[in-house]
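Convention: sequence-line order gives letters A, B, ...; per-chain numbering from 1.
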Amino acid sequence: MKELLVEKSYSSVYDKLKRNSLKQANNIRKINWGDFIYEKLTLFFAIIVFLLVVVMGYEMYVNSKLSIDKFGWKFLSEKTWDPVTEIYGALPSIVGTLVSSFLALLIAFPLSIGVAIYLSELAPSWLEKPLSFLVELLAGIPSIVYGLWGIFVLVPWLRTEVQPFLYEHLGFLPFFRGPMYGFSILAASLILSVMVLPIISSISRDIMRSVPSVQKEAALALGATKWEATKIVLANSKTGILGATMLGLGRAIGETMAVTMVIGNRPIISLSLFDPGYTMASIIANEFTEATSELYISALIELALILFIITIVINAAARFLVWSLERKWKKI
Amino acid sequence: MIEQDLISKVVSLEDYSQKKFDTIIKVENLFAYFGELKALDNISLSIPKNSVTAIIGPSGCGKSTFLRCLNKMHQEIGGTTEGKIYYNGIDIENIDPVILRRNIGMVFQKPNPFPTMSIINNVVAGLKYNGVRDKKLLNEIAEICLKKVGLWEEVKDNLNRSGASLSGGQQQRLCIARTLTVNPEVILMDEPTSALDPIATTKIEDLIYELKKDYTIIIVTHNMQQAARVSDYTAFFYMGRLIEFSDTKKIFTNPSNKQTEEYISGRFG
Amino acid sequence: MEENIKKYKRKLIFRKLKSFFIMNLSFISALIAIVPLAFIFYYTVSKGISHLNIDFFIAMPKPVGESGGGMANAIVGTLILVGLGGLIGLPIGIMAGIYLAEFGNNKFAFLLRFMTDVLSGVPSIVVGVVAYTLVVIPMKHFSALAGGVALAILMIPTVTRTTEEMIRLVPHSYREAGLGLGIPKWKTSFFIVLRTAWKGIATGILLALSRAAGETAPLLFTALGNRFWSTDIFQPIASLTVYIYDYARAPFEDWNQQAWTAALVLILFISLFSIAFRIITKSKYKTNQ
C-alpha cells in the first residue's frame, strides 16, 4: 500500500512535504519565518492595545493643558462652573458624582448580595439559570434606554409619589427637602443602583461559587443552619465581593447617559437629594458640543482626565482584589 | 543498592536478538526534564525498522515522555532534553521539528479528531495545511488511508459529517488515517487504546499488525497483554530508566532482570 | 439538665427562624432585582409599539410639527458606526488576544492583561473625549470615522479577553494533533486551535458589537448626529441612540413617542444581532467536548 502511495504520482506531494528533509543534515532553519511573523504580528497588535491606555491619558493631558495651566489644583476645589465668566471648577460635579455613586451602592449592595446568595446557594437549578440570564440581561440594556425610562417613568413617579412621601415622613432630615422636580440626585442614584446591581451580583455570585465547599459542608454536617453555613462562604469571599463592589462603583462613576437624563444638570452642591446636580460624565455629555471657547473645551477635557484617573485607580484596585482571591483559591 | 542494580542491568538489544536489523532511530544517553524534574535518565537504545516496539512500565515511568522526545513534542510543552537522538543517522537536533514530525507521526492516547472539521477534512488536514490544494488528489489519498485503517466502508457515505460524530474506536482509527496521509516512516502511538472498549482495541491491534509491513511503530502501553500481542520488541521502563530491552518473546518468557520479571508477573506497577 | 435542653431547643428554633428569614430575604432581593427589567421591557414595548411601522425603517425624520416619519438614516448610521468600530477594533482585539493566549507567559503579557481589564472600566464618555482629540480635532469636523474609532476602543478589551480565554479553553490535545502531523506551529494555532475556539470568540465579538450598538455617550461629540441621509464616513452621521437622546429631551409629544420606538428598535436590533450571529457562527460540527 505504501508503494502504491508513492507510485501513483503522489511522490511529488511527499517530496514537497519533506523537501530536502533528510538528504542533508543541518537542514534546520535558524528562524522559522512563519512562526516568527505570527508572533511578531500578534505582538504588534498587543502593543497597540497596551499603548491605547497610555495614548488616552496623554491625549487628554495635552488637550486640557490650557485649563490645567490656568486653574492648577484649584480646579478641584473651585465651586463655580460658569461658562459666561469662564470660571471652571470641578467640585460640584465631583461631589455630585461621588454622592450619586455611593448612594447607588448603598441601595444596590445589599440587594446584590441577596441576589448572589440566592443564585449561588439557594436557587434550585431550574430557576437559577433563567434568573442569572435575566440579571445579565439587565446588564445588557443600553444606558440610553435606562435614561429614557428614567425621564418618562421614574422621574414622574418620584415627583408625584416618592418625593412627597419622603418629605412627609422624613422631611425633618436635610436630605429630603426642597422643591420636588423629580429630576434629582435621588433619581440618578436610583437608576444607577439598577445599573450596577447586575455587575456586583454576578461577580459576587461567581466568587461565592468558587469558594471551596469543604468548609461549608463541614459546617452543615455539624448542624449549622443554612444561613450559618452561608456566612462562612461570605466570610471567605469578602475580598472578592469588595472587588465586585468597586467594579460596580467604577461603573457608576463613569455612567453617563442615564444619569445625564435624570439628574437635572445643575452645577450646585446641596445636601438635599431632591435637588438637581451634575456628575463629571454628565457635564461632559451635556456641554461638550456647546462649548465654544477653547478654555471651555479644555476644562471639559480635564474633567474627562480626572474621571479617567479615578476609574483607572478604582478598577485597578478592584481587579487586584478579585485576582488575588482567584489566585488564592487556585492554590487550594 | 537497588539503584546500582538498575543501571548495571541495562541490556542492549543486539545481545539478545539473533536477527540482524536496520536501525531507524537510535537514542544515546537521553535525559529529559520538566523544569527541575528529571523524567528520563540516561536512555540508550536502537529501534529496529519495520517492526513494532512496545514500551511498557508503570505510570510515571517516563514512557510517554520518551515517545515525545522522539518527535520533539516534549519541547512543545516546555520540557528540555540532553543527549542524542538519531533518525536515519541524522541527529534530530538538526532537523526542523515540522519536517521531523512529517516523518515521525504520532497517535495520541485520547482520540482527538479536530472537532470543527468533517471526517474527510480531518483525514487530509495534515496535507491541506501543508500546502496541498489539489482537491482530487486529497480525496484519493484520503480514500487510500481510510481503506488502510479499515474505516472506508464505515464512513464513505458520511464523509462530510463531523469527525466527532464517530464512536471512540472509529475516531482513533480516523486519527491513525490522518497520520498516514503525510506518509511518515515511523508512527508513535501513545497508549492508543487506553480510552477504548475491548472490541475497538482489538481492531486497533489488528491494524497495528497490518501497518507493521510499511511502517515502524513504537507503541506505549500499560497493558502488558497488548504489548505481548502486537510487538516484536519490548522495552521496560521504570522510574525514568530503561531496565530491559529485548525480543518481546524473551521479555515475557525469560526476562533477565528481576524488576522486569516482577512487573511482568504483576507484582508491582 | 432538662432546663438546658429546653434552652437549647429554643435557641435552635431561633437559629432556624433566623436562617429561614434571611434566606427568604435573599429570594426577595432576587425578585426585586428583576422588577426593573420587567418595567423597562414593559414600557419600551408598550410605548414603542405604536409608532413601530414600516415607515420607521424606510422614511426619513420629519421636521417638527409634522407627524410620522422614520429614522432610516439613524438605522443605517448605527450600522455604519458599528461596522466601522468592528473593522478597526476586531482585528486589533483578536490579534492581541491570540498573542496573550499563545505567547502570553511573560511580564509584558501580564501587564497587558491588567491594562485590558483597566481599559474595560474606562467610562465610554472618556473614550468619546479621546476619540474627539484623536480624530475630530485633526480633521476639524465631526465624522462617522471618529465615532467608529470610539466604538473600536470600547470593543477592544472585551474582544481581547474573550479571544484569549476561548483559545485557552481549547484542549491541548488538538494542538498536539496538529503539531504531530507536521503542521507548522503558526498554522496549527491559526487554522486548528483558533478555528476550534471560534464559536466562543464569535460570541464575545457579538457581545462587543451589540454593546457598541447601544452606546450613546462616545458618539455625542464624535459622530454627532445628522438630520439628513448620509453614508459618508467623513461626515457627521446619525445614530439610533443619539436620536433617542435628542428626541427624549425634546418638548414634542410625537418625538418622545418616536424615542420609545427607537429604543424598542434598538433592543430588537441588539437581540436580532445576537440571533443572527448565533446562526452564522453555529458551526456545522459540534464540539465533542
Side-chain angles (χ1 to χ4, degrees), chain A residues 32 34-35 38-39 41-43 45-46 48-50 52-53 56 59-60 63 111 114-115 117-119 122 131 134-135 137-138 141-149 151-153 194 197 201 225-228 247 250 254 256-257 261 281 284-285 288-289 301 304 307-308 311-312 315-316 319, chain C residues 15-16 18-19 22-23 25-27 29-30 32-34 36-37 39-40 43-44 91-92 95-96 98-100 102-103 112 114-119 121-126 129-130 133-134 153 156 160 184-187 189-190 214 216-217 220-221 241 244-245 248 256 259-260 263 266-267:
Chain A
N32 190 327
D35 292 350
Y38 190 60
E39 177 173 356
L41 194 69
T42 52
L43 175 64
F45 284 100
I48 292 184
V49 176
F50 186 83
L52 215 52
V53 181
M56 287 173 81
E59 277 290 319
M60 282 187 283
N63 285 288
L111 278 175
V115 174
I117 291 177
Y118 187 73
L119 289 179
L122 295 176
L131 218 54
L134 285 179
V135 172
L137 208 61
L138 207 56
I141 296 177
S143 78
I144 188 80
V145 177
Y146 279 106
L148 188 66
W149 181 74
I151 285 190
F152 292 110
V153 183
V194 177
L197 185 139
S201 57
T225 60
K226 239 177 178 177
W227 163 238
E228 284 158 350
L247 285 180
T256 313
M257 297 322 293
M261 290 165 89
I284 302 168
F288 206 94
T289 43
I301 296 178
L307 195 55
F308 179 68
T311 47
I312 279 190
N315 271 289
R319 295 286 172 190
Chain C
R15 279 168 60 204
K16 280 193 166 165
K18 189 175 164 192
S19 174
I22 294 178
M23 288 306 164
L25 218 58
S26 86
F27 174 66
S29 46
I32 294 176
I34 52 173
L37 185 73
F39 262 117
I40 289 170
Y43 277 102
T44 313
I92 299 178
M95 292 300 263
I98 294 176
Y99 177 81
L100 284 179
E102 297 282 344
F103 312 100
L112 181 62
F114 197 70
M115 281 294 209
T116 50
D117 275 351
V118 166
L119 190 62
V122 172
S124 57
I125 187 88
V126 173
V129 170
V130 171
T133 65
L134 276 177
I153 296 176
I156 285 171
T160 303
K185 228 171 167 177
W186 74 272
K187 280 188 181 172
S189 164
F190 198 79
T216 318
L220 290 174
F221 34 85
T241 49
I244 298 174
Y245 183 52
N256 295 163
W260 280 108
L266 186 65
I267 287 183

| said: Please classify the contact of A:Leu138 with chain C as side chain, backbone, both or neither, using a heavy-atom distance under 4.5 Å. | reply: both

| field | Proximal component of A:Leu148, with respect to chain C [non-hydrogen, under 4.5 Å] | value | both

| task | Considering only heavy atoms and a distance below 4.5 Å, find which of A:Leu43, A:Leu197, A:Leu131, A:Val135 pairs most often with chain C. | result | A:Leu43

| query | Does C:Val126 reach the side chain of A:Met60, with side-chain heavy atoms less than 4.5 Å apart? | reply | yes

| remark: One option among A:Ala281, A:Gly147, A:Ala285, A:Gly250 has the most heavy-atom pairs under 4.5 Å with chain C, and it is A:Ala285

| query | With only heavy atoms counted, which part of C:Ile22 is less than 4.5 Å from chain A, the side chain, the backbone, both or neither? | reply | side chain

| Residue selection (most heavy-atom pairs with chain A, distance under 4.5 Å) from C:Phe114, C:Phe221, C:Phe39 | C:Phe221

| note | Looking only at C:Ile125, C:Asn256, C:Ile267, C:Ile244, the option with the highest number of non-hydrogen pairs under 4.5 Å against chain A is C:Ile125

| Residue list, salt bridge (Lys or Arg N to Asp or Glu O under 4.0 Å) with A:Lys226, at least two apart or on another chain | none

| query | Side chain, backbone, both or neither: which part of C:Thr133 has a heavy atom under 4.5 Å from chain A? | reply | both

| Least distance between heavy atoms, C:Gly214 atom then A:Pro142 atom | O-CB, 3.5 Å

| field | A:Phe45 side chain near C:Ile98 side chain, heavy-atom distance below 4.5 Å | value | no

| query | Is any side-chain heavy atom of C:Val118 less than 4.5 Å from a side-chain heavy atom of A:Arg319? | reply | no

| Heavy-atom contact with chain C under 4.5 Å, split by part of A:Val49 | both

| note | Scanning both residues in full, the closest heavy-atom pair of A:Thr256 with C:Ala217 reads CB-CB, 3.9 Å

| What part of A:Asp35 is in contact with chain C, defined as an atom under 4.5 angstrom from a non-hydrogen atom: side chain, backbone, both or neither? | both

| request: Take the angle between the ring planes of A:Tyr38 and C:Trp186 and call it parallel below 30°, perpendicular above 60°, tilted in between. | output: tilted

| Reported CE-to-OG1 distance for the pair C:Met23 and A:Thr225, which is rounded to 0.5 angstrom | 7.0 Å

| Atom group of A:Met261 that falls short of 4.5 Å from chain C, counting heavy atoms | side chain

| query | Between C:Thr241 and chain A, which part of the residue has a heavy atom less than 4.5 Å away: side chain, backbone, both or neither? | reply | both

| remark: C:Ser26 and A:Gly114 have their tightest heavy-atom pair at CB-O, 3.3 Å

| Side chain, backbone, both or neither: which part of A:Ile151 has a heavy atom under 4.5 Å from chain C? | side chain

| field | A:Met257 and C:Leu220, any side-chain heavy atoms less than 4.5 Å apart | value | yes

| task | For residues C:Ile40 and A:Tyr146, determine if any side-chain heavy atom of one lies less than 4.5 Å from a side-chain heavy atom of the other. | result | yes

| message | Once you measure the plane-to-plane angle for C:Trp260 and A:Phe152, does it fall in the parallel (<30°), tilted (30-60°) or perpendicular (>60°) bin? | response | tilted

| Non-hydrogen atoms of chain C under 4.5 Å away: do they reach the side chain of A:Ile48, the backbone, both or neither? | side chain

| query | Can you tell if the side chain of A:Ile144 reaches within under 4.5 Å of the side chain of C:Tyr245, non-hydrogen atoms only? | reply | yes

| said: For C:Ile92, which atoms come within 4.5 Å of any heavy atom of chain A: side chain, backbone, both, or neither? | reply: both

| note | Of all heavy-atom pairs linking A:Ala46 and C:Ala96, the shortest is CA-CB, 3.7 Å

| message | Tell me whether C:Phe103 at atom CZ has more than 12 heavy atoms from other residues, nucleotides or ligands lying less than 6.0 Å away. | response | yes

| said: Once salt bridge (Lys or Arg N to Asp or Glu O under 4.0 Å) is applied, do any residues pair with A:Glu228, and if so which ones, sequence neighbours excluded? | reply: C:Arg15

| request: Let me know if C:Tyr43 has heavy atoms under 4.5 Å from chain A in its side chain, its backbone, both or neither. | output: side chain

| said: Out of C:Thr116, C:Leu266, C:Leu112, return the one with the most heavy atom pairs under 4.5 angstrom to chain A. | reply: C:Leu112

| With only heavy atoms counted, which part of A:Ile141 is less than 4.5 Å from chain C, the side chain, the backbone, both or neither? | side chain

| message | Counting only non-hydrogen atoms closer than 4.5 Å, does A:Leu122 touch chain C with its backbone (N, CA, C, O), its side chain (CB onward), both, or neither? | response | side chain

| said: Just so I know, are the side chains of C:Val122 and A:Met56 near enough to count as touching, which here means a heavy-atom distance under 4.5 Å? | reply: yes

| note | Highest number of heavy-atom pairs under 4.5 Å with chain C among A:Val194, A:Ile117, A:Asn63, A:Leu119 belongs to A:Asn63

| Near C:Lys185 NZ, under 6.0 Å, is it more than 12 heavy atoms from other residues, nucleotides or ligands? | no

| remark: Of all heavy-atom pairs linking A:Ala304 and C:Val129, the shortest is CB-CG2, 3.8 Å

| Where does C:Leu37 contact chain A at under 4.5 Å (heavy atoms): side chain, backbone, both or neither? | both

| note | Heaviest contributor of heavy-atom pairs below 4.5 Å to chain A, chosen from C:Ser124, C:Ala33, C:Pro184, is C:Ala33

| Counting heavy-atom pairs under 4.5 Å to chain C, which of A:Ile312, A:Leu247, A:Val153 comes out on top? | A:Val153

| task | Could you look at C:Leu100 and say if it's the side chain, the backbone, both or neither that has a heavy atom under 4.5 Å from chain A? | result | neither

| remark: Minimal heavy-atom distance between A:Val145 and C:Ala263, with the atoms involved, is CG2-CB, 4.1 Å

| message | Can you tell me which portion of A:Thr42 sits under 4.5 Å from chain C's heavy atoms? Options are side chain, backbone, both or neither. | response | both

